[in-house]
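Proteins come first, then strands; the chains are lettered A, B, ... in the order of their sequence lines, and each starts at number 1. Scope of the values below: all heavy atoms of this structure, side chains included, with no hydrogens, waters or symmetry mates.
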Amino acid sequence: MTLSKNFEHQINEHKWYSHWLDKQYFKSTPDERTPYTIVMPPPNVTGVLHMGHCLNNTIQDILIRQARMKGFNACWVPGTDHASIATEAKVVAMLRERGIAKSSLSRDEFLSYAWEWKEKYGGIILQQLKKLGCSLDWDRTTFTMDKDYYDSVINIFMDLYKKGVIYRGKRMINWDVKALTALSDEEVIRKETRQKLYHLNYAIEGTNDNITIATVRPETIMGDTAICVHPDDERYKHLHGKFAIVPLINRRIPIIADDYVAMDFGTGALKVTPAHDVNDYALGQKHQLEIVDIFNDNGTLSEDAQIYIGLERFEVRKKIAIELEEKGFLIKTEEYTSEVGYSERTDVVVEPRLSMQWWLSMKDISSPALKAVMEEEIKFYPPKFKNVYRHWMENIKDWCVSRQLWWGHRIPAWYHESGKFVVAKNEKDAIAVFETEHNISNAVLKQDEDCLDTWFSSWLWPFEVFKGYSNPNNADINYYYPTNTLVTAPEIIFFWVARMIMAGHEYMDVKPFQEVYFTGIVRDKQGRKMSKSLGNSPDLLELIDQYGADAARFGIMIASPAGNDILFDETALEQGRNFNNKIWNALKLIKMWEVRQTHEHTNENDFAINWFENRLSEVSIEVEQMMKQFKLSEALKTIYTLIWDDFCSWYLEWVKPGFEQPIQANVYNKTTEFFTDLMQLLHPFMPFISEEIYHQLDKRNDDLCVRLLIEKDSPNQTQLDQGVLLKQVISGIRDVRNKQQMKPKDSIKLFIQTEEKPVFESLMPILSKQVNANEISFANDTVANSFTSVIGKDKFYILTEQPIDLSTQKSALEKELSHLKSFLISVEKKLSNEKFTQNAKQEILDLEYKKKADAEMKINIIELSLKDMIG
RNA sequence: GGGAGUUUAGCUCAGUUGGUUUAGAGCAUCUGCCUUACAAGCAGAGGGUCACAGGUUCGACUCCUGUAACUCCCA
């Protein structure tokens, strides 16, 4: 069978993924083996695959595939998140396109559209993950609104309510005036925004005096209920206890003093609007100020504003500024840049607002979760995130769990027209409880219209995918939980990771995972975060089509050091594709040998085989170590070098027979064995090509995907050192050849002056092949009319037909000599320093003496050579 | 304003408790090669006063202090 020119990724990806599925290699059920479990961070149900998912899921697949090959019962659970805000926003937009307003629909009608949308577009992303080669147990696919999952979310809400940690309260929240919902602090994006700072005059009651305040929100003056100054501010001391008059509406408000005010900002006088600013609210509470809410839900002004009723807030800002100026209240404006909060979902400016919401008290529930991480019961990689986590957990605030949305888990609270309410699983229960509690009959109750925050369902993920709460102590949860590794983005450390740890401790009494690996954030070449709005996120599926899934995996992994952001560059994928090509060509070479085997046996390839065997052990052990520390990028680099340089560039060249010459059968067999081992090392990173090569190399009854990794013995250091020496000598001599502009076809005669003849004897067959020497022998002295090269402690004389130009040689030797001399001086200086010889450890001292001796010897050799040249 | 982090070759990064032949990779660059698996390749080379300024030490990329720039989180 002839092999294609290059690795055909499209055919092979499809072929192998379906084969793996047919064989059910990704399916996991509890058995006697030790489990290795990962739950996938569920992407938004209507999401599409982007670079962040690619990175995240490639890492998980590498870990899972490696675990599978190491004999663990590997289980990787897929699923999707209902993503209440994001999905509802998409459904609303879709309906709007069809000319349907959400407000014209009943809740049930809206939800049927939403489910329709979910059935149509939901889970596309999971299909896309198959293209990447992800080895997920598809039978376990979970959705956060599956029946059991939904019930668990509701039950947990009721349980926490019973425990008294869920409460209802009017609090300052972040209000999204477009989505008409409350946002958690984490859903608010702060952006540097250019604004105007307006200086406004408020008249002091009963005087002709004024006080000037500075504000960026002149449209909120109708909500002002005080003016605040610093108690020590000399400029305003005379005004303490007096009253000011709000312009345009003429409300009388007190002038209060509080050291919260910064004297050096603006005018040092602050207008206080408790209904529309978090800090003002706190100030209002402290000084018992009146609260005047001047906004409607949608960001227009309410009747309480008295003026500009029904107009939009930013429009009012413009208009009121003009009116204030016309009426003489506006003193001046200045440019001012500060951070303003925007909704993560709708990108509108967030309105701080007082609202009745459901809250979860975090103090008690969070303390075991803090402890678990600080005491490394759960390990974070990289560990720097421990600090971030601690800082947040120690300053944790209560969690606003309600959202003014329909798509999600509906809050199980039921209200009576009297305003009293009960929390219950369904209407029947609610009525029963309510009637008993309040001793009435025929109560009519209405369920809360709001939904729970998405994270209030995803914090159950690690156990509820195994139905650990809905069906306690089932076989799966007992076997797979706690899971092993969580791979996620650092951005959601608080949203999700921290809360999963809390839920795990609260409901399973155990941590949800052993370790968390935080990936970097994928950025573009300019370092910008990839996002839809910037349009700088490449189409991953197109890239996979173009370069292949293995190349995409390679490209994203090679550039992603543990915990650092990765700058995505398409050339990395090209590198991955080239790597595929290299591997493929090595296969082609070996397949050419297959048909030309001889059972004649010589030992001229023994060195190459021994060396590579040791090199393979060395690297296998290194890779194993790196993987344990999540140095995946380094592990991949190491394997890449082993395959490209050590295997292809060195080993294969060393054992390669001459043109159309046969290869010894034992060499051929060893070579395919090595290649197999290499593919096994590579498999977790690049599953498709490695599986294909595995089957190309030999007739197999099994698949690489599930082949068990055999632990390697530790390598023989002498063999490895000799390999290094051989490579150095080959490169050194090739360098001379290059510098002398010898053609590859020009052969040379080589003389070696060494104290280690036996070593070089075993290297000779390879050496002659690699530097094109038709004759190699040992010399005890200088060889006339030759080029000299000093490599390590040995001297090489190269004899050619070509006329000799010694000048380049000479200057090279002189350069080397001066380098060695200054090196020697620095070593000698160190050694003559008494304090050094007294304090340094013996092994350090020995090393310095060795450095000195080596340098002296090399200097000696080079000086002799130079002398010969002159002579 | 508070906290965390980063700064090593043109780019992306390694560099383990201070000492490993006066700092290592990959990519890019340069030189020479269509050599028989691979030009998506082969052979070789050049390139860094380790952000800056001090300090501790026999010895600092590594530890300490300060400065600067950038990044992230929180007010």
Does either side chain, that of A:Asp721 or that of A:Gln717, offer a donor lying less than 3.5 Å from an acceptor on the other one? yes
Closest nucleotide among B:rU21, B:rU35, B:rG2 to the A:Lys745 side chain: B:rU35
Looking only at B:rA4, B:rG19, B:rU21, the nucleotide nearest the A:Val388 side chain is B:rA4
Determine the interplanar angle of the A:Trp654 and A:Trp650 rings, folded into 0 to 90°, and report it as parallel if under 30°, tilted if 30 to 60°, perpendicular if over 60°. tilted
Base-pairing assignment for B:rC13 (Watson-Crick or G-U wobble, both under 3.5 Å): B:rG24
When rounded to whole Å, the CD to P distance for the pair A:Glu834 and B:rC58 reads 13 Å
Taking the side chain as every heavy atom from C-beta outward, state whether A:Phe688 and A:His9 have any atom pair closer than 4.5 Å. no
When the P atoms of B:rG47 and B:rC30 are considered, how many whole Å apart are they? 16 Å
Can you tell me if the side-chain N/O atoms of A:Trp584 get under 4.0 Å from OP1 or OP2 in B:rG41? no
Does OP1 or OP2 of B:rA37 have a side-chain N or O of A:Lys656 closer than 4.0 Å? yes
What's the gap between B:rU49 and B:rU8 when it is taken at their P atoms, as a whole Å value? 12 Å
Between B:rC27 atom P and A:Asn578 atom CG, what is the distance in whole Å? 10 Å
B:rU57 phosphate, OP1 or OP2: any side-chain N/O from A:Asn839 under 4.0 angstrom? no
Here the distance between atom P of B:rG5 and atom NZ of A:Lys386, to the nearest Å, is 12 Å
Residue A:Ser822, side-chain atoms from C-beta onward, closest of B:rU21, B:rU22, B:rA37: B:rU22
What is the distance, to the nearest angstrom, from the CE atom on A:Met393 to the P atom on B:rA4? 18 Å
Closest approach to the side chain of A:Ile844, judged atom by atom: which nucleotide of B:rG19, B:rC33, B:rA40 is it? B:rG19
Tell me whether the OP1 or OP2 atom of B:rC27 has a side-chain N or O from A:Tyr640 closer than 4.0 Å. yes
Pairwise P distance, B:rC74 and B:rA14 [rounded to whole Å]: 25 Å
Who pairs with B:rC58 - Watson-Crick or G-U, where each distance is under 3.5 Å: B:rG19
Position toward the 5' end of RNA chain B (nearest nucleotide), A:Leu587 or A:Lys739: A:Leu587
Just by modelled atom types, is the A:Asp746 backbone N or O under 3.5 Å from a matching donor or acceptor in the A:Asn772 side chain? yes
Among B:rU21, B:rC38, B:rC13, which nucleotide sits nearest the side chain of A:Asn581? B:rC38
For A:Phe579 and for A:Gln741, find the nucleotide of RNA chain B with the closest heavy atom, then tell me which residue's nucleotide is more 5'. A:Gln741
Here the distance between atom P of B:rU21 and atom OH of A:Tyr849, to the nearest Å, is 18 Å
Looking only at the side chain of A:Glu653 (C-beta and beyond, no hydrogens), which of the listed nucleotides B:rA40, B:rC38, B:rG26 gets closest? B:rC38
Whole-Å distance between B:rG3 C1' and A:Trp392 CH2? 16 Å
With a 3.5 angstrom cut-off on both distances, give the Watson-Crick or G-U wobble partner of B:rC38, or none if there isn't one. none
Kindly point out which of B:rA37, B:rC58, B:rU20 is positioned nearest to the side chain of A:Phe836? B:rC58
Closest of B:rA45, B:rA37, B:rC58 to the A:Lys582 side chain is B:rA37
On the 0 to 90° scale, with breaks at 30° and 60°, tag the A:Phe579-A:Tyr640 ring pair as parallel, tilted or perpendicular. perpendicular
For A:Asn395, which contact category applies under a 4.0 Å heavy-atom criterion: base, sugar-phosphate, or nothing? nothing
N or O in side chain of A:Ser649 less than 4.0 angstrom from B:rA43 OP1/OP2: yes
Roughly how far apart, to the nearest Å, are B:rA51 and B:rU71 at atom C1'? 15 Å
C1' gap between B:rG26 and B:rG15, integer Å: 15 Å
From CG of A:Asn279 over to P of B:rA75, roughly how many Å is that when rounded to an integer? 10 Å
Sticking with atom C1', work out how far B:rU6 lies from B:rC52, rounded to a whole angstrom. 15 Å
Can you classify the ring geometry of A:Tyr381 versus A:Phe630 as parallel (below 30°), tilted (30 to 60°) or perpendicular (above 60°)? tilted
For B:rG44, does OP1 or OP2 lie under 4.0 Å from any side-chain N or O of A:Ser731? yes
Please report the distance separating the C1' of B:rG46 from the corresponding atom of B:rG24, rounded so that it comes out in whole Å. 16 Å
State whether A:Lys637 places a side-chain N or O below 4.0 Å from either non-bridging phosphate oxygen (OP1 or OP2) of B:rC27. no
I want to check one thing: is the phosphate of B:rU35, taken as OP1 and OP2, less than 4.0 Å away from some side-chain N or O of A:Lys743? no
Under 4.0 Å between any heavy atoms, over every strand shown, what does A:Asn738 touch: base, sugar-phosphate, or nothing? Just pick one. base
So does A:Glu856 get a backbone contact from the side chain of A:Asn860, meaning a donor-acceptor N/O pair under 3.5 Å? no
Below 4.5 Å, heavy atoms only, C-beta onward: do A:Glu542 and A:Tyr547 meet side chain to side chain? no
Candidate pair A:Asp645 and A:Lys582, rule salt bridge (charged side-chain N to carboxylate O under 4.0 Å, His left out), full reasoning: CA-CA 11 Å; A:Asp645 295 345; A:Lys582 186 72 189 176; over 6 Å; no
Considering every strand shown, what is the Watson-Crick or G-U wobble mate of B:rU67 when both distances are under 3.5 Å? B:rA51
Per the atom types in the model, does the base of B:rA28 pair as donor or acceptor with the side chain of A:Gln575 at under 3.5 Å? no
Look at all strands and tell whether A:Asp854 reaches a base, only sugar-phosphate, or nothing, counting heavy atoms closer than 4.0 Å. base
Closest of B:rA4, B:rA14, B:rG41 to the A:Trp644 side chain is B:rG41
Grab the CG-P distance between A:Leu652 and B:rA43 for me, whole Å please. 12 Å
Nearest-angstrom distance, C1' atom, B:rU29 to B:rU35: 24 Å
Any idea which of B:rC33, B:rG44, B:rA75 is nearest the A:Arg734 side chain? B:rG44
